[in-house]
Participant: 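Just passing along the structure, written as structure tokens.
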Amino acid sequence: MYESYNDLKRSLDCVDFGDLVALPTHLLETRPEIARAVAADIGHILVDEYQDVNRASVGLLQQLSPGGRNLWCVGDVRQSIYRFRGASSFNLSRFETQDFKGGSRDQLDVNYRSVGEIVDSYQAFAAGMQIEGATPVALKSNRGTSGNPVEFRSVDGDTEREIDALADGILEMRNAGHAFRDQALLCSGNDRLAKIGAGLEARGIPVLYLGSLFERPEVKDLLAWISLLIDRRAMALAREFATPGLTIPLGDLGRFNEALNNDTARPLDWIKHPPAGLSEPAAAAVAAYSSLLAGFDGNSPPWDTLAQLLLDRSRVAAQIAGAGNMQARAKGIALWQLINFVRAQPAGRSGAIPALLERIRRLVRLSDDRDLRHIPQAAGAIDAMRLMTMHASKGLEFRVVHIPGMAKGTLPRNAAAPACPPPDGMIEGSDLDGESFAEREHMQEQQCLFYVALSRARDRLLVYAPGRTKKSERQPSPFVARLGFGLSRLYVTPSSFNLPPDNPSIAMIYRGQPLFRQSELALYERCARRFFYTHILKLGGRRTTTAYEDMHEIVRQAVRELIATGTIAAEAAGPDEIVERLWSASPLAALPAAPAYRRLAGELVRHFVAMNDGKPIVPAHRLSFTLAGATIEIEIDYAQTDAAGELRELRQVQTGHRRTTAMEGAAVMATLLAVNDQAPGCGAEILFLSDAARERLSLKDGPLDTRRRKLEANIAAILSGQFPTKTSPRSCPKCPAFFMCGTVPGGTFEKNFA
DNA sequence: TTTGGTGACTTTTTT
DNA sequence: AGTCACCAAA
């Protein structure tokens, strides 16, 4: 693979980051005359952050500065936080002994950045670090003591309460004379940073961090609008828009869905032919969309379209410009980022809008939207908090530093076993086996990371951790206890910021006997809001599928057909023919990787056949039972019968792998509840074709009862209109509702069960 | 004292 | 998906 990758790079005349070091090093090593000429041309070399170089960089440096002539390096092994990408403090330890013989080493003993209390604190932490090649240091602050100890604040409650406490701390520091722009908040991960950033913004604290750009309401408003240009089911109409006059009341959505729930509707048809019987506001909104979207379609150039929507067709930009408060400014900056992102996309000839939306989904799935989260340089003068990862903070300094979330298990994070540990004996200068080496490196790196974060602070340093959560006491990170004797521990009760509830319940009227299928209840467990869009509002939309998922769909069809034949036996000629017929009719057959997918599909179907023993079966049928006033319907894929024709084994088929949590949900166990109720004595199993594994549904009375109660609670929640979103950067970008998910329009929705 | 069940919480870092 | 903390049963 690496060879193919390299060939591809060469044929495209491209280089990657590794090549930027490897190619010049190779050139200078193989062409001494060039090396001499280049070295002669360079007077002095200064390398900063030497602990973060890798072996390849040292090789390049040796070529540029033979024998270390006029070379000056600065580094601190305690700040070695890029080991995961090949940097090694090993280079620092062998600097003057091997790599640049005859060099000399000196050490700083005065710290010019932080006040005495802070220096003492991270010195105390550093004293306990077991870092290879670290020489003991005794830094002294030249600023003297400030009278303000390093603080550790413990907060009872959930993350929201911790954000309350952070907001308190930030405002307190501001009252003590530190502007927002002089305060930084450091987290180890981006997801947490985004959550805290959004929380602070909601509490009125100005923040120079946008969080996930494509999750922001003002950005989603725009993306939802352009999604209407290509979505014949007009899913985005089920969103409450900030722009007045463009929201369809909840009570009217059913009419749109009836009108558009067919294969012949084309995008924007509903503007020319609105559904009959709309309320007045809904009809007015349709008219408003008519002028908002006139002349655009899926082939419109995205940048022009968005710019016109923002500036000419709506008052979005004007209102943001006029509002002048910090929230409006953040919105303006977010839209600015969006517009610039869109402008930088490759120009497509046709289908530019769907291409853009697809690209955004992919970007978010790969977390490749991170650079869009930071405010552009031009906005840097705004008086707002700096939010960044600890990694990004290296080399920077701030008057005040807040470090939230220092609970056990977050920092240090436990080392995950590396997927590909270095082979034993490969690491020069280490006698550990590959796995132990990786683990030790990880634990050292975690300490370095905390050390970096601590040492960013000039005047004030505040560390936060959750205390009691709903049920249990959370222990602080073991790092906290190493912060020295001067640490002041406070148990704070944060002020209340009176935020509106995140997921208010939705006004629903149900008519008839509620009926839910097992798959629907399973979806409710994964994301209640997705369930609402899909099964209550009946907004169309399949997930965006991959070729791999399409292959699984073929397997499902083949399994259904096999079951319909009434016998599933290895000697029957049927299975292969069925797969072959479905396969050749599918667009998958035209893909470059088709043979691999075809092989896999055949294998999964063979697993299915092999997991049956030719006993007579009866095809698919349904079981249903009543719970909490609703009917629950279970789809049994097939059943085996005994000689007397009695049902013996009920089977459900899943084509994928068995997950470790596959049996934990309440919805899976609805099958067992139904069997106990309708077919007592019958066994029930789920087949997982990818593993050729079967799982028997069985649970002791106690746990089964908690599943039953959980199901009852979910049904009650559905009936009372509770459909909270469960956002996740992993699953949301695949969801059909990704661009419109957000606040639901006001009004009441009538749901009719036959 | 051990164990199994449960709910809450976090899912790296990036030139 | 894995860890942590708690609780109740074994």
Side-chain angles (χ1 to χ4, degrees), chain A residues 15-22 48-49 52-54 56-57 60 79-87 155-163 186-196 212 365-371 373-374 388-395 404-419 438 441-453 465-478 525-526 657-666 669 699-710 713 726-732:
Chain A
V15 293
D16 65 14
F17 281 115
D19 291 330
L20 295 181
V21 175
D48 200 4
E49 311 281 12
D52 289 336
V53 300
N54 55 26
S57 305
L60 180 59
Q79 299 189 41
S80 157
I81 58 174
Y82 286 103
R83 298 166 190 233
F84 66 90
R85 65 176 201 220
V155 200
D156 289 349
D158 57 7
T159 308
E160 289 300 311
R161 294 304 277 161
E162 199 186 352
I163 300 176
L186 309 179
C187 286
S188 53
N190 276 297
D191 288 348
R192 211 184 148 70
L193 204 55
K195 188 171 172 68
I196 294 176
S212 180
R365 261 166 79 185
L366 299 174
S367 305
D368 235 353
D369 61 329
R370 274 195 292 250
D371 47 336
R373 299 175 176 203
H374 291 279
M388 63 192 80
T389 60
M390 293 176 180
H391 283 86
S393 76
K394 194 153 76 98
M406 285 301 292
K408 186 174 179 180
T410 48
L411 193 73
R413 154 167 306 289
N414 296 329
E441 282 291 290
H442 171 81
M443 290 321 285
Q444 292 189 359
E445 185 172 324
Q446 294 284 291
Q447 298 183 61
C448 291
L449 195 55
F450 191 51
Y451 181 83
V452 166
R468 267 205 88 74
T469 55
K470 271 203 186 95
K471 268 180 74 171
S472 57
E473 183 78 27
R474 292 203 70 188
Q475 296 301 312
S477 158
E525 282 178 359
R526 287 207 300 282
H657 288 283
R658 182 199 182 283
R659 318 243 163 219
T660 43
T661 54
M663 294 296 145
E664 280 173 22
M669 285 302 159
L699 218 49
K700 287 187 215 143
D701 289 349
L704 185 58
D705 206 50
T706 52
R707 302 301 196 288
R708 184 201 308 272
R709 281 200 303 275
K710 179 88 204 191
K726 197 188 267 177
T727 50
S728 141
R730 277 153 270 283
S731 50
C732 288

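Proteins get letters first, then strands, A, B, ... in listed order; numbering begins at 1 in each.
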Participant: With sequence neighbours left out, write down each residue that passes side-chain contact (heavy atoms from CB on, under 4.5 Å) with A/Asp19, or none if nothing qualifies.
Facilitator: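 For A/Asp19 the side-chain contact (heavy atoms from CB on, under 4.5 Å) partners, ignoring immediate neighbours, are A/Lys9, A/Arg10, A/Val15, A/Asp16, A/Leu23.
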Participant: Expressed as a whole number of angstroms, how long is the span from A/Asp191:CG to B/dT11:P?
Facilitator: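 In whole Å, B/dT11 P and A/Asp191 CG are 7 Å from each other.
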Participant: Below 4.0 angstrom from OP1 or OP2 of B/dG5, is there any side-chain N or O of A/Arg707?
Facilitator: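 Checking A/Arg707 against B/dG5: no side-chain N or O falls below 4.0 Å of OP1 or OP2.
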Participant: A/Asp705 CG to B/dT6 P: how many Å, rounded?
Facilitator: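 In whole Å, B/dT6 P lies 10 Å from A/Asp705 CG.
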Participant: Select one nucleotide: of B/dG5, C/dA5, B/dT11, the one nearest the side-chain heavy atoms of A/Gln475.
Facilitator: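 Side chain of A/Gln475 sits closest to C/dA5.
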Participant: Would you mind telling me which of B/dT10, B/dT14, C/dA1 lies closest to the side-chain atoms of A/Arg413?
Facilitator: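 My answer, after comparing the listed nucleotides, is B/dT10.
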Participant: Counting any heavy atom closer than 4.0 Å, what does A/Glu445 reach on the DNA or RNA strands: base, sugar-phosphate only, or nothing?
Facilitator: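 Contact class for A/Glu445: base.
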Participant: Could you tell me the separation between the CD atom of A/Gln444 and the C1' atom of B/dT12, rounded to a whole number of Å?
Facilitator: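 Going from A/Gln444 (CD) to B/dT12 (C1'), I get 18 Å.
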Participant: To the nearest Å, how far apart are A/Met388 CE and B/dT14 P?
Facilitator: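 About 12 Å, once rounded to whole Å.
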Participant: Which of these nucleotides, B/dT11, B/dG5, B/dT13, is closest to any side-chain atom of A/Pro703?
Facilitator: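 That would be B/dG5.
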Participant: Identify, with sequence neighbours excluded, every residue that meets side-chain contact (heavy atoms from CB on, under 4.5 Å) alongside A/Thr410.
Facilitator: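 Only A/Ala407 meet the side-chain contact (heavy atoms from CB on, under 4.5 Å) criterion with A/Thr410.
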Participant: Considering only C/dA5, B/dT11, B/dT14, which nucleotide approaches the side chain of A/Lys408 most closely?
Facilitator: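 Selected nucleotide (nearest to the side chain): C/dA5.
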Participant: For a quick test of reading the model: is some side-chain N or O of A/Thr706 closer than 4.0 Å to OP1 or OP2 of B/dT6?
Facilitator: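 Answer yes for this pair, as a side-chain N or O of A/Thr706 is under 4.0 Å from OP1 or OP2.
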Participant: Nearest nucleotide by nearest heavy atom, which residue falls closer to the 5' end of DNA chain B, A/Arg370 or A/Arg192?
Facilitator: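 The 5'-side residue here is A/Arg192.
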Participant: Would you call A/Asp191 and A/Lys195 a salt bridge, using N to O less than 4.0 angstrom?
Facilitator: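 A/Lys195 and A/Asp191: not salt-bridged.
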Participant: Over all strands shown, is A/Gly189 touching base, sugar-phosphate only, or nothing at heavy-atom distances under 4.0 angstrom?
Facilitator: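 Here A/Gly189 touches the backbone only, sparing every base.
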Participant: Taking atom NZ of A/Lys394 as the centre, does the number of heavy atoms from other residues, nucleotides or ligands within less than 6.0 Å exceed 12?
Facilitator: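 Atom NZ in A/Lys394 is packed in, count exceeds 12.
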Participant: Expressed as a whole number of angstroms, how long is the span from A/Glu525:CD to B/dG7:P?
Facilitator: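 The distance from CD of A/Glu525 to P of B/dG7 comes to 11 Å, rounded to the nearest Å.
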Participant: Measure the distance from OH on A/Tyr82 to P on B/dT12 and round it to the nearest whole Å.
Facilitator: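 Distance, rounded to whole Å: 17 Å.
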Participant: At less than 4.0 Å, is any side-chain N or O atom of A/Asn190 found next to OP1 or OP2 of B/dT11? Yes or no.
Facilitator: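 Answer is no, no contact under 4.0 Å.
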Participant: Please identify each residue that fulfils side-chain contact (heavy atoms from CB on, under 4.5 Å) with A/Asp156, with sequence neighbours left out.
Facilitator: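 Counting only residues at least two positions away or on another chain, A/Asp156 forms a side-chain contact (heavy atoms from CB on, under 4.5 Å) with A/Arg468.
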Participant: Tell me the interatomic distance from A/Phe450, atom CZ, to B/dT13, atom P, rounded to whole angstroms.
Facilitator: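 To the nearest whole Å, that distance equals 18 Å.
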Participant: Side chain of A/Lys700: nearest nucleotide among B/dT15, B/dG5, B/dT13?
Facilitator: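 The closest nucleotide is B/dG5.
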Participant: Strictly below 4.0 Å: does A/Thr660 bring a side-chain N or O up to OP1 or OP2 of C/dA1?
Facilitator: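 Yes, A/Thr660 has a side-chain N/O under 4.0 Å of OP1/OP2 on C/dA1.
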Participant: Do A/Met443 and A/Pro412 touch side chain to side chain, with heavy atoms closer than 4.5 Å?
Facilitator: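 Of all side-chain heavy-atom pairs linking A/Pro412 with A/Met443, at least one is under 4.5 Å.
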Participant: Check this one for me: any side-chain N or O of A/Thr159 less than 4.0 Å away from OP1 or OP2 of B/dT10?
Facilitator: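 For B/dT10, OP1/OP2 do have a side-chain N/O of A/Thr159 under 4.0 Å.
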Participant: Checking contacts here: which listed nucleotide (B/dC9, B/dT6, B/dT11) is nearest the side-chain heavy atoms of A/Asp158?
Facilitator: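 Among the listed nucleotides, the one closest to the side chain of A/Asp158 is B/dC9.
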Participant: Atom CG of A/Asn54 and atom C1' of B/dT15: how far apart are they, to the nearest Å?
Facilitator: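 Interatomic distance, CG of A/Asn54 to C1' of B/dT15: 11 Å.
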Participant: For A/Ser477, enumerate each residue passing the side chain to side chain donor-acceptor pair (under 3.5 Å) test, keeping only those at least two apart in sequence or located in another chain.
Facilitator: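 Not a single residue meets the side chain to side chain donor-acceptor pair (under 3.5 Å) criterion with A/Ser477.
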Participant: Closest approach to the side chain of A/Arg659, judged atom by atom: which nucleotide of B/dT12, C/dA1, B/dT10 is it?
Facilitator: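 The nucleotide sitting nearest to the side chain is C/dA1.
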Participant: Who are the side-chain contact (heavy atoms from CB on, under 4.5 Å) partners of A/Lys408, not counting sequence neighbours?
Facilitator: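 Partners of A/Lys408 by the side-chain contact (heavy atoms from CB on, under 4.5 Å) criterion, ordered by chain and then number, come out as A/Gln475.
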Participant: Provide a list of protein-nucleic acid N or O atom pairs under 3.5 angstrom, restricted to nucleotides 6-10 of chain C.
Facilitator:
residue: C/dC6; atom: OP1; partner: A/Glu473; partner atom: N; Å: 3.1

